[in-house]
Amino acid sequence: MKKSSFFLVALASVSFALTVPLTVNTTSSPITYAKSTKRVAGKAVAKAIRRSPDLNPTASVRKYPAYIYDKYWKVFDRWYNVQSMSAPGVFKKHTARVYVANKALKSYTYAAMNNWNKALKVKAFKVGTKAHHTMTVGFKNAGTGDGSWDGYYITSKLYINYNFFDNANYLPAVYKAITGKSLPSGDQPNSAAYKSVYDTYWKSVITHELGHSLSLDHTPYSNDIMEADSGTKSGDAKYSWHSTKVVDDSYAIFTDKLSSRDINRAKLTRILGYW
């Protein structure tokens, strides 16, 4: 979810040591995996997790037999800020069929779908129809005050807050809140420069929400499409944060680019059986 009260996504850095030992048994997930004859010690998995970059399950973490992810899914959830977010049946054979109910959202949604498909090298999202779909995208009235948001995903529905979508004052305010700078051409909503930032922003919002459908929770890094302004340590969150960790002065929300962290986490959630 992207929450907004003229402020959107931001992030922070917190050091954290591995406190959930991978040698203990965890509750088995409801997902059934093929059995493997290759056994891996829990300490080897713990070592791989400790050595991976923060919240970034690189190939060294995604190489194990299926039973490892079945046994330790809670640990992977917590250490990489992931959890199952889509209802059963949304992803069939790792693909969701997306129906866009509002014409104004189609180009943004299709671009966002392509972002993930291209990055993951699979058809995670396909265009659906009104009669044949597993996920919908549409507008919703979410207000403009505290608790409002510009994008929201729940179980199989992705919503965009129309109060912000067509509001010429919103984007300049968000840009200023996140970057600390004024939006170039922010006072010229009909200019090509403004339209370019506007289009990129809403593509990014929908890319972010589709990330939730892939079971990715937020991160504290500005160059992640899954960034958020704050987070709370929990069963599926490694640590709490309350400020932005800016990486190379890059804000994914204004570039619509997926980071390696975004992509690797989505690859992990596929292995975990979440999509």
Side-chain angles (χ1 to χ4, degrees), residues 1-3 7-24 26 40-64 68-69 71-85 115-116 119-120 178-180 204 207-272 274-275:
M1 181 197 314
K2 286 213 180 297
K3 295 182 178 179
F7 184 45
L8 201 101
V9 284
L11 320 106
S13 168
V14 181
S15 60
F16 201 81
L18 184 65
T19 58
V20 181
L22 293 180
T23 53
V24 300
T26 60
V40 179
K43 62 182 180 181
V45 181
K47 184 177 181 180
I49 288 177
R50 289 191 184 99
R51 288 185 172 181
S52 67
D54 185 37
L55 301 177
N56 192 341
T58 52
S60 63
V61 175
R62 307 194 314 270
K63 68 179 183 179
Y64 295 106
I68 286 291
Y69 304 99
K71 184 175 183 180
Y72 299 121
W73 62 277
K74 286 186 177 181
V75 178
F76 286 102
D77 277 9
R78 178 167 183 174
W79 284 91
Y80 297 106
N81 287 21
V82 300
Q83 63 172 323
S84 181
M85 296 186 185
N115 283 345
W116 283 111
L120 296 171
I178 293 175
T179 69
S204 298
T207 301
H208 176 107
E209 299 310 324
L210 289 179
H212 285 318
S213 79
L214 294 171
S215 297
L216 308 185
D217 227 328
H218 296 140
T219 81
Y221 292 97
S222 66
N223 65 327
D224 291 347
I225 205 70
M226 299 308 298
E227 63 175 353
D229 59 336
S230 63
T232 303
K233 179 181 174 181
S234 66
D236 66 300
K238 185 177 177 183
Y239 50 72
S240 299
W241 69 89
H242 304 284
S243 59
T244 301
K245 181 177 178 60
V246 180
V247 180
D248 298 329
D249 199 29
S250 175
Y251 298 87
I253 194 65
F254 297 119
T255 64
D256 192 31
K257 292 182 179 179
L258 296 167
S259 68
S260 65
R261 189 180 295 106
D262 293 317
I263 297 166
N264 286 339
R265 291 166 71 224
K267 289 179 178 179
L268 174 64
T269 52
R270 183 183 183 185
I271 293 170
L272 288 167
Y274 296 164
W275 64 275

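Taking the side-chain contact (heavy atoms from CB on, under 4.5 Å) definition, one finds that V247 meets it with Y221, S222, N223, sequence neighbours left out. Checked against side chain to side chain donor-acceptor pair (under 3.5 Å), S259 has the following partners two or more places apart in sequence or in another chain: D224, D262. Not counting sequence neighbours, S213 has no partner by the side chain to side chain donor-acceptor pair (under 3.5 Å) test. Among residues two or more places apart in sequence or in another chain, the salt bridge (Lys or Arg N to Asp or Glu O under 4.0 Å) test is passed with D249 by K181. Scored by the side chain to side chain donor-acceptor pair (under 3.5 Å) test, S250 finds no partners at all (sequence neighbours excluded). Annotation: ring-ring contact (aromatic ring centres under 6.0 Å, His included) contacts of F254 (sequence neighbours excluded): Y175, Y201. Not counting sequence neighbours, the partners of S60 by the side-chain contact (heavy atoms from CB on, under 4.5 Å) test are T58. Contacts of N115 classified as side-chain contact (heavy atoms from CB on, under 4.5 Å), with partners at least two apart in sequence or in another chain: T207, D256, L258. With sequence neighbours excluded, the residues satisfying side-chain contact (heavy atoms from CB on, under 4.5 Å) with K257 are T255. N81 is linked by a side chain to side chain donor-acceptor pair (under 3.5 Å) to nothing, counting only residues two or more places apart in sequence or in another chain.
Using the six-membered ring where Trp is involved, H218 and H208 have ring planes that are tilted, between 30° and 60° apart.
Within the 4.5 Å cutoff, the side chain of N264 has no heavy atoms near those of the Y80 side chain. Counting heavy atoms from C-beta on, the side chains of D54 and R261 never come closer than 4.5 Å. Looking only at side-chain heavy atoms (C-beta outward), S52 and W79 stay at 4.5 Å or farther from each other. Looking only at side-chain heavy atoms (C-beta outward), Y239 and L55 come within less than 4.5 Å of each other. Between L216 and W275, every side-chain heavy-atom pair lies at or beyond the 4.5 Å cut-off. Contact of the R265 side chain with the T219 side chain is registered, since non-hydrogen atoms from C-beta on lie closer than 4.5 Å.
Taken from CG in D77 to CG in L268, the straight-line distance is 8.5 Å, to the nearest 0.5 Å. Rounding to the nearest 0.5 Å places CH2 of W116 at 8.5 Å from CG of L210.
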